[in-house]
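The structure appears below as structure tokens.
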Amino acid sequence: MLYPLRVTPIYKTAIWGGRKIASLLNRKLPTGTNFAESWNVSGHPTGLSIIENGPLAGISLQEVLETHRVSLLGPHANWNFTRFPLMVKFLDANKQLSVQVHPNEEYVADRNLTDAAKAEAWVVLDTVPGSRMTLGFQRPVTREEVADALENDALEEILFAREPSPGECYFLPAGTVHSLGAGIFLYEVQQCSNLTFRLYDWQREDENGNRRELHITQALETLKPEHWNSEPITPQKQDACREILIESPAFCLDRLTFSPNGNTTYTLSCAKSCRVLTLISGELEVENLEKPLQKGDSVILPASLGNVTLKSTQAVVLDAYLPQIQEEN
């Protein structure tokens, strides 16, 4: 039987990255380099997680999927996953990101793309005064209107920007036009894909007067005008410890909150789906895990574990998992 799996984070640099992964998560990172992302759990070939604890230490998450598929995925083992399906990250937007969009399954299949569809969700963890994120548009639009706005350098006039607050959660189905602004640090869970189409890059130029590559045709084909209005999610309280944040066909996300005056022990069922737990504050003891999770740590709980006991007096935990399979009558 499998056991709780720790994996080694993978760090990604980008022009928009900063140093908050080090300062907010207490990570030891090389000096002099800005890091945009910490891929805490990834089955993607461009950044593949390696197991760091127990008998499987040193092998990749892809190898675990291939050799222990049923134990890892449980009821979802028969789903058409060629990679571990849940990807968990921290993002540090030290500078404004491009305006971008991710494709859905239909577009990926129709174009025979080598990467996968990508829906994602954000939980905002830290901001600075004036931080803004772009999500969709100020009003319902058509693809033709977006194309005309690009042609006339007027896209910024129809994009919708908001000032987020720590703790807010946003769901971005594939096709949602979005951009993170400077000063935002967040947790992200997504489908296992690294496929992004840049729609717009704020007319930025590098020191040589060059602009970054855009993918306007693909982005316009991919964007879903119906996702123009992206409001923060209203959590659904389940019990004293658990809130449901996201329920989607791609993944689900809950938030667990422990406190000395409330729940200090919680039994988590993994039988219907593997889980990826990520600690965003405090310390958490996980049954059969050799040492507690600290802020910024993630652990994969295979489906074969069944019930797993969690203990803490102060932890806040994000719990990502796959949607429940509907039983046939």
Side-chain angles (χ1 to χ4, degrees), residues 1-7 40-45 48-49 51 53-56 59-89 104-106 108-109 115-121 169 171 173-174 187-193 233 235-236 238-239 241-256 266-278 284 286-289 293 298-310 317-329:
M1 186 174 79
L2 292 179
Y3 53 91
L5 301 172
R6 287 181 180 266
V7 297
N40 272 33
V41 173
S42 169
H44 197 274
L48 192 54
S49 292
I51 311 301
N53 67 322
L56 299 177
I59 74 169
S60 71
L61 183 55
Q62 182 66 26
E63 292 175 83
V64 177
L65 177 68
E66 293 171 356
T67 57
H68 300 82
R69 187 180 181 92
V70 174
S71 294
L72 182 62
L73 297 181
H76 299 91
N78 292 328
W79 285 26
N80 188 30
F81 295 130
T82 58
R83 308 167 181 167
F84 185 71
L86 298 170
M87 195 169 179
V88 168
K89 303 175 177 179
N104 63 11
E105 285 83 357
E106 181 181 10
V108 169
D115 211 332
K118 183 179 175 182
E120 61 189 277
C169 178
F171 179 55
Y187 161 99
E188 177 177 300
V189 58
Q190 58 164 86
Q191 291 173 285
C192 189
S193 171
I233 298 296
Q236 302 174 47
Q238 291 298 103
D239 53 44
C241 188
R242 176 178 294 275
E243 297 174 295
I244 295 175
L245 299 179
I246 305 291
E247 292 181 296
S248 81
F251 54 77
C252 301
L253 181 66
D254 295 354
R255 180 165 51 205
L256 307 177
Y266 194 86
T267 300
L268 189 66
S269 174
C270 303
K272 294 182 179 180
S273 172
C274 62
R275 330 283 288 216
V276 177
L277 304 185
T278 301
L284 182 73
V286 179
E287 184 179 0
N288 294 321
L289 190 62
L293 296 182
S298 294
V299 64
I300 302 167
L301 301 181
S304 60
L305 294 180
N307 290 337
V308 175
T309 300
L310 311 177
V317 186
L318 294 173
D319 172 20
Y321 55 100
L322 297 171
Q324 183 174 337
I325 295 175
Q326 299 297 320
E327 296 181 2
E328 295 183 2
N329 296 326

Inset, instruction - Report yes if some heavy atom in the side chain of Leu289 is under 4.5 Å from a heavy atom in the side chain of Val308; otherwise report no. - result: no

Legend entry - Heavy-atom side-chain proximity of Gln190 to His44 below 4.5 angstrom: no

Legend entry - Closest approach of Phe251 to Ala119 (non-hydrogen atoms, all atoms of both residues): CE2-O, 3.4 Å

Donor-acceptor contacts under 3.5 Å from residues 72-81 side chains, at least two apart:
unit_1	atom_1	unit_2	atom_2	d
His76	NE2	Pro323	O	2.7

Inset, instruction - Return the minimal non-hydrogen interatomic distance between Ala303 and Ser273, and the atom names on each side. - result: CB-C, 4.3 Å

Inset, instruction - Locate the shortest heavy-atom distance separating Leu245 from Ile233; write the atom from each residue and the value. - result: O-CG2, 2.9 Å

Inset, instruction - For the residue pair Leu284 and Leu256, establish whether any side-chain heavy-atom pair is separated by less than 4.5 Å. - result: no

Legend entry - Non-hydrogen side-chain atoms of Leu268 and Asp319 separated by less than 4.5 Å: yes

Inset, instruction - Measure the shortest side-chain to side-chain distance between Val299 and Arg275 over non-hydrogen atoms and say whether it is less than 4.5 angstrom. - result: no

Legend entry - Verdict with reasoning, Ile246 to Phe171, per side-chain contact (heavy atoms from CB on, under 4.5 Å): CA-CA 7 Å; Ile246 305 291; Phe171 179 55; 3.5 Å; yes

Inset, instruction - Give a yes or no on whether the backbone of His68 and the side-chain of Glu63 come within a donor-acceptor separation of less than 3.5 Å. - result: no

Legend entry - Rounded distance [0.5 Å steps], CG in Leu86 versus OG in Ser42: 11.0 Å

Inset, instruction - Under the side-chain contact (heavy atoms from CB on, under 4.5 Å) rule, what do Glu105 and Gln191 come out as? Steps first, then yes or no, please. - result: CA-CA 11 Å; Glu105 285 83 357; Gln191 291 173 285; 2.9 Å; yes

Inset, instruction - Would you indicate whether the side-chain heavy atoms of Pro45 and Gln62 approach each other to under 4.5 Å? - result: no

Inset, instruction - Give the C-alpha distance, both sets of side-chain angles, the deciding distance and a yes or no for side-chain contact (heavy atoms from CB on, under 4.5 Å) between Asn307 and Ser269. - result: CA-CA 4 Å; Asn307 290 337; Ser269 174; 3.5 Å; yes

Legend entry - Glu287 side chain near Leu301 side chain, heavy-atom distance below 4.5 Å: no

Inset, instruction - Quick one: pull up OG in Ser298 and OH in Tyr187 and give me the separation to the nearest 0.5 Å. - result: 7.0 Å

Legend entry - Closest non-hydrogen atom pair, Tyr266 against Asp239: OH-OD2, 3.2 Å

Legend entry - Pairwise distance SG(Cys169) to CG(Asp254) - rounded to 0.5 angstrom: 10.0 Å

Legend entry - Closest non-hydrogen atom pair, Ile300 against Phe84: CG2-CZ, 4.0 Å

Inset, instruction - Could you grab the distance from atom CG of Asn104 to atom NZ of Lys118, nearest 0.5 Å is fine? - result: 14.0 Å

Legend entry - Inter-residue atom distance Ile59.CD1 - Ser49.OG, 0.5 Å rounding: 12.0 Å

Inset, instruction - Would you check if Leu318 and Val189 make a side-chain contact, meaning some heavy-atom pair closer than 4.5 Å? - result: no

Legend entry - Arg6 side, atom CZ; Asn53 side, atom CG - distance, nearest 0.5 Å: 7.0 Å

Legend entry - Nearest heavy-atom neighbours spanning Asn40 and Val7: O-CG2, 3.0 Å

